[in-house]
Structures are given as C-alpha cells and as structure tokens.
Asker: 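Following this message is one structure expressed as structure tokens.
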Amino acid sequence: MKKRVAILGSTGSIGTQALEVIAANPEIFSVSVLTAGNNADLLIEQAVKFKPEEVVICNEQHYERVKAALYPFSIKVYRSASALVSVVESDHVDVVLTAMVGYAGLLPTIHAIKAGKDIALANKETLVVAGELITALAKRHNVSIYPVDSEHSAIFQCLAGEAENAIEKIILTASGGPFRGKDREFLAHVTKAQALKHPNWSMGAKITIDSATLMNKGLEVIEAKWLFDLNASQIDVIVHPQSIVHSLVQFEDGSIKAQMGLPDMKLPIQYALYYPQRLKSDFPRFNFMDYPSLTFEKPDLETFRNLAIAYEALEKGGNAACIVNAANEIAVDAFLHDKIGFLDISDVIVESLAKTAFIGNPSIEDYVQTNEATRRFASEMIQVKV
Ligand code: NAD
Ligand code: MG
C-alpha cells in the first residue's frame with residue numbers, strides 16, 4: 001500500500017521539494033491532495049503530473065482556470081482557504097505535509113489531527129501559535145507529528161533508539177543568516193534584496209527574512225519546546241555558519257549526538273514522510289575534506305533582538321507566542337513591501353507584545369482573536385510609521 005500524501009502549499013519551496021521526493025519514490029508514495037495560494041500555473045502542472053484526487057486553489061480568481069484545466073483528469077477542484085480544512089480530512093489521505101507559510105496553517109492542521117491524519121510539519125508557525133493545544137490534540141487523537149524543519153529533524157533523528165533516556169538539553173544550530181557579524185548601524189540600512197540572499201538555503205521569502213532577523217531561530221526554539229516537551233532553559237542556540245551540523249541533543253550522561261549532512265531539505269522531508277525507515281537517496285554526500293573547519297559562535301542577541309523576544313514569549317506562555325508570530329508576519333510583509341526598515345521589524349513585535357491583551361490559558365477562539373487583534377494593531381502601527 002502506497003502512502004497517500006496531502007501537501008498543503010505544494011507550489012512553495014518545501015512543497016516542490018516534497019514532490020521531488022515523491023517522484024523519486026513512486027512505488028512508496030502517491031499524492032492525494034495538492035493546494036496552493038496563488039500559483040495556479042504550477043498547481044495545474046503538478047496536478048497533471050501527480051494526479052491527486054483533490055486540489056485547492058486559495059485565490060478564488062484562479063478557480064475557473066484551474067477547474068477547467070483539470071476537468072479532463074477528473075480531479076476535483078476547490079477554491080478558498082475554507083476548503084483546506086475539509087480536504088485534509090478525506091479518506092484517501094494518510095499523512096498531511098503542512099508546507100504552507102504562516103498562521104494560515106493552524107486550522108487545516110487542527111482539522112487534519114482531529115481526522116486522525118499524521119502530520120509532517122514544516123509549517124512551524126502552527127506550533128508557535130498554539131503548540132500546547134496542538135500537541136494535546138495530537139495525543140488525544142493518537143496522531144504523530146513528524147518534524148520537517150531541518151533542526152528538529154536532526155533532533156528527532158538523534159533521539160531514535162533513545163526512548164528510555166531523558167534529554168538534558170538540545171542545541172539548535174543557526175547559520176546566522178546574511179547579516180551575521182553586522183552591527184545595528186549596518187542593519188538600519190539593509191535592503192530586502194540583501195536580506196533575501198541566504199548564504200546556505202534557498203527558501204520562501206518569509207522564512208528567508210526570518211532567518212536574516214534570527215526570528216526563524218526564535219520560532220524554532222518555541223517549535224522545539226512543543227515537539228520535544230522541553231523547558232526554555234533546555235534549549236540552546238549556537239551559530240554555525242556552514243549549516244552542516246543540523247542540531248544536537250545532550251543526554252543526562254553528558255553525551256552529545258549530532259546529525260550532519262549537506263543542507264538539503266529533501267532529506268528531512270523524506271525522513272518525516274517515511275519514518276522510521278530511511279529511504280535510499282542519491283543526494284550529494286557530505287565530505288569532511290571540503291569542510292576542514294566547522295565553526296561555532298554565540299548568537300548576538302543584542303543586535304538580533306527577535307531571538308531574545310521569542311525566548312521572552314516562551315517564558316511568558318499563554319498567547320504571547322501567538323502575538324509575536326502575528327506581529328512578525330505583519331512586520332515581515334511590510335518589510336518585503338518596503339514599508340518599514342529591517343530594525344523596525346523588532347520594534348513592531350515588541351510594541352505588539354506590550355499592547356495586545358495577554359491570555360494565560362487560551363482556547364482556540366482566543367488564538368484566532370489574538371491573531372486578528374495583533375495583526376490589526378501591528379498594521380496600524382506600521383501605517384503611522386509610513
Ligand atoms: P513558500 O513561500 O515557498 O511556499 C508557501 C506555500 O504555501 C505556497 O505553495 C503558497 O502558495 C502556499 N501559501 C502561502 N500562503 C498561503 C495561505 N495564506 N493560504 C494557503 N496557501 C498559502 O514557503 P516555504 O519556504 O516552502 O515554507 C513553508 C513552511 O515551511 C513555512 O512555515 C516555513 O517556515 C517552513 N520551512 C521551510 C523551509 C524551507 O527550506 N523552505 C525549511 C524549514 C521550514
Ligand atoms: Mg530550520
């Protein structure tokens with residue numbers, strides 16, 4: 001029996017790489033659902049090639065075109081984000097790969113878990129916003145959440161065979177992004193083109209900016225807390241510019257295990273989709289002779305404030321991380337539209353965290369409202385700035 005995969009966000013960086021993995025292993029995987037935000041042309045192309053049962057195009061403007069193109073193949077086509085929550089529940093889905101970006105992943109992930117579907121989780125924002133709720137829900141529905149994020153996949157791989165052994169701490173590696181070593185004076189004038197040039201990874205625009213501000217690492221610290229049931233004090237971050245050591249786990253005897261390899265998201269994607277087995281691959285192999293020095297340094301939390309803000313939100317608990325995530329999404333979008341500068345991103349988040357109502361024990365409705373209220377506040381703040 002093939003594993004039937006639903007990909008939310010199939011036209012993005014993770015989505016297209018997941019389809020490469022699936023295309024390379026046609027006897028193991030099939031595609032049952034594909035969804036995209038705007039890129040109708042690529043969605044059509046993917047659907048014609050992989051013949052899913054169902055397709056969702058979130059931007060309704062493209063619906064008629066996608067529907068007409070896929071009519072000859074008897075592929076059902078749905079429009080708008082509301083369709084995402086129902087396609088993940090279909091009987092012909094075994095695992096849902098959440099590869100869409102941002103808060104928009106939250107509701108489809110909740111529906112998938114409630115329908116008993118395993119999750120291959122790339123959409124880290126879902127765990128940042130509502131990690132407590134999501135992990136409790138997964139437990140209740142006996143659903144597994146397999147990390148796709150390379151650092152969390154590294155930790156997950158290091159934990160194989162260690163079920164009896166407690167984690168003392170984990171060490172998340174960070175490349176440091178394109179502005180590693182720079183000061184705030186330099187950052188005040190950086191452009192979006194500079195910020196979009198990641199040294200080691202080619203990714204979607206939002207996560208690339210998050211990597212430049214170190215918010216990506218902050219989101220990953222929160223993601224790790226929920227995936228591996230840790231306290232903030234058990235999660236360290238170290239800058240490792242070569243991105244070869246993908247992360248590390250330290251056990252209670254002091255032993256440290258690391259997972260290494262060339263930066264290539266296809267490996268964590270296929271590990272998440274086919275766990276616990278490893279799939280043979282022809283990905284380029286790492287050679288120590290090409291990397292005579294692997295280096296490590298402390299992150300600069302004063303220059304890159306977003307990482308410190310994320311730790312603060314984690315300590316605070318409740319809806320704090322939801323506020324940070326929403327404000328960050330609005331601020332990054334504004335930076336990508338040349339409305340604010342690079343350093344303003346942190347200001348928008350700090351101010352939003354200070355001004356949005358704190359809720360200690362949020363329900364799903366509270367998260368929805370917190371997200372909306374924060375977006376409103378952050379957008380108004382940006383409006384005043386420009
Ligand atoms: P991307 O921008 O390249 O792709 C996003 C996909 O989601 C596209 O298919 C887009 O059409 C769809 N989408 C975007 N907004 C949507 C919305 N509101 N509703 C429905 N669909 C929407 O992003 P990406 O780089 O592939 O990242 C996807 C997720 O994976 C993010 O949460 C990111 O943090 C995480 N992630 C990515 C990488 C990477 O290497 N790209 C690594 C680790 C984690
Ligand atoms: Mg990562």
Side-chain angles (χ1 to χ4, degrees), residues 6-20 33-47 55-60 62 66 78-85 87-88 96-109 119-129 146-156 172-177 196 198 200-211 214-224 227 237 240 243 245-247 259 263-269 271-272 325 328-329 332-333 336 371 375:
I7 305 180
L8 303 182
S10 64
T11 56
S13 161
I14 293 291
T16 52
Q17 293 180 85
L19 286 172
E20 283 180 50
V33 173
L34 293 174
T35 84
N38 284 307
N39 193 341
D41 291 330
L42 183 56
L43 181 65
I44 292 168
E45 193 184 301
Q46 292 176 338
V55 155
V56 180
I57 179 80
C58 293
N59 183 337
E60 307 198 13
H62 304 303
V66 177
Y78 304 99
R79 65 184 126 185
S80 87
S82 58
L84 295 177
V85 299
V87 286
V88 295
V96 177
L97 172 63
T98 62
M100 52 202 282
V101 62
Y103 172 89
L106 178 67
L107 289 182
T109 307
I119 307 291
L121 185 134
N123 178 246
K124 66 190 86 187
E125 292 91 343
T126 285
L127 281 185
V128 171
V129 169
Y146 301 113
V148 169
D149 215 345
S150 58
E151 296 78 1
H152 306 73
S153 175
I155 289 160
F156 191 53
L172 296 176
T173 52
S175 71
L196 283 169
H198 195 280
N200 304 335
W201 299 94
S202 156
M203 311 178 285
K206 194 255 177 185
I207 184 176
T208 305
I209 301 302
D210 283 348
S211 299
L214 286 205
M215 180 49 93
N216 183 50
K217 213 48 53 181
L219 301 180
E220 291 184 356
V221 167
I222 301 172
E223 181 186 14
L227 281 172
V237 170
H240 165 47
S243 297
V245 177
H246 295 309
S247 279
Q259 187 264 335
D264 183 347
M265 286 309 295
K266 290 202 286 297
L267 183 95
I269 290 169
Y271 192 77
N325 179 71
N328 182 57
E329 286 190 28
V332 169
D333 187 67
L336 283 170
N371 176 62
R375 280 169 185 271

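Both ligands and their constituent atoms are indexed starting at 1 by order of listing.
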Asker: For atom 42 (C) of ligand 1, what's the nearest protein heavy-atom neighbour? Residue, atom name and distance, please.
Answerer: Met265 CE, 3.6 Å
Asker: Is Lys206 salt-bridged to Glu125, cutoff N-O under 4.0 Å?
Answerer: yes
Asker: Counting C-beta onward and ignoring hydrogens, is there a side-chain heavy-atom pair between Gln259 and Leu267 closer than 4.5 Å?
Answerer: yes
Asker: Using heavy-atom distances only, which candidate in Ser80, Gly105, Ala40, Ala99 approaches atom 5 (C) of ligand 1 most closely?
Answerer: Ala99
Asker: Any N/O of Gly12 closer than 3.5 Å to an N/O of ligand 1?
Answerer: yes
Asker: Please give the atom name: the N, O or S atom of Glu151 nearest to the Mg ion (ligand 2).
Answerer: OE1
Asker: Cys58 near ligand 1, heavy-atom distance under 4.0 Å?
Answerer: yes
Asker: For ligand 1, which part of Ser150 has a heavy atom less than 4.0 Å away: the side chain, the backbone, both, or neither?
Answerer: neither
Asker: Taking 4.0 angstrom as the limit and counting only heavy atoms of Ser10, give me the atoms of ligand 1 inside it, by number and element.
Answerer: 9 (O)
Asker: Which of these, Gly204, Gly37, Gly15, has its nearest heavy atom closest to atom 23 (O) of ligand 1?
Answerer: Gly204
Asker: Check each of Ile207, Ile222, Val101 against Lys124 using the side-chain contact (heavy atoms from CB on, under 4.5 Å) test, and report the only one that passes.
Answerer: Ile207
Asker: Side chain, backbone, both or neither: which applies to Lys206 and ligand 1 if a contact is any heavy-atom pair less than 4.0 Å apart?
Answerer: neither
Asker: Just say parallel, tilted or perpendicular for the rings of Phe156 and Tyr271, cut-offs at 30° and 60°.
Answerer: perpendicular
Asker: How does Met100 reach ligand 1, by side chain, by backbone, by both or by neither, if only non-hydrogen atoms under 4.0 Å count?
Answerer: both
Asker: Under 3.5 Å, side chain of Asp264 to main-chain N/O of Lys266, donor-acceptor pair present?
Answerer: yes
Asker: Any idea which protein heavy atom is nearest atom 34 (O) of ligand 1, and the distance to it?
Answerer: Lys124 CE, 3.2 Å
Asker: When you measure from atom 41 (N) of ligand 1 to every protein heavy atom, which one gives the shortest distance, and what is it?
Answerer: Ser13 OG, 3.0 Å
Asker: In Asp149, which N, O or S atom comes closest to the Mg ion (ligand 2)?
Answerer: OD1
Asker: Would you say ligand 1 has an N or O under 3.5 Å from any N or O of Asp149?
Answerer: no
Asker: For ligand 1, is any non-hydrogen atom under 4.0 Å from Ile207's backbone (N, CA, C, O), its side chain (CB onward), both, or neither?
Answerer: side chain
Asker: Do you know which N/O/S atom name in Glu220 is closest to the Mg ion (ligand 2)?
Answerer: OE2
Asker: At the 4.0 Å heavy-atom cut-off, does Asn39 count as touching ligand 1?
Answerer: no
Asker: Going by the side-chain contact (heavy atoms from CB on, under 4.5 Å) test, name the single residue among Leu196, Asn200, Asn216 that passes it with Ser211.
Answerer: Asn216
Asker: Which is closest to atom 9 (O) of ligand 1 by heavy-atom distance: Ile14, Thr11, Thr126?
Answerer: Thr11
Asker: Closer than 4.0 Å to some heavy atom of Ala36 - which atoms of ligand 1 meet that?
Answerer: 11 (O)
Asker: Any non-hydrogen side-chain atom of Leu42 less than 4.5 Å from a side-chain atom of Thr16?
Answerer: yes
Asker: Looking at side-chain heavy atoms only, is the closest gap between Leu219 and Asp210 below 4.5 Å?
Answerer: yes
Asker: Can you tell me the protein heavy atom closest to atom 14 (C) of ligand 1 and the distance?
Answerer: Val101 CG1, 3.5 Å
Asker: Can you report which non-hydrogen protein atom sits closest to atom 32 (O) of ligand 1, along with the distance?
Answerer: Glu125 OE1, 2.7 Å
Asker: What distance separates Leu121 CG from Tyr146 OH, expressed to the nearest 0.5 Å?
Answerer: 13.0 Å
Asker: Out of all atoms in ligand 1, which are within 4.0 Å of some heavy atom of Ala122? Include the element for each.
Answerer: 30 (O), 32 (O), 35 (C), 36 (N), 44 (C)
Asker: Measure from the side-chain N and O atoms of Lys217 to the backbone N and O of Ser175, and report whether any donor-acceptor pair falls under 3.5 Å.
Answerer: no
Asker: Looking only at heavy atoms, is any part of Ala104 under 4.0 Å from ligand 1, and if so is it the side chain, the backbone, or both, or is it neither?
Answerer: side chain
Asker: Under 3.5 Å, side chain of His62 to main-chain N/O of Asn39, donor-acceptor pair present?
Answerer: no
Asker: Scan Val56, Leu84, Ile14 and name whichever one has a side-chain contact (heavy atoms from CB on, under 4.5 Å) with Leu8.
Answerer: Leu84
Asker: Keeping Gln46 on the side-chain end and Ser10 on the backbone end, is there a donor-acceptor pair under 3.5 Å?
Answerer: yes
Asker: Under the 3.5 angstrom rule, does the side chain of Asn123 hit a backbone N or O of Met100 as a donor-acceptor pair?
Answerer: yes
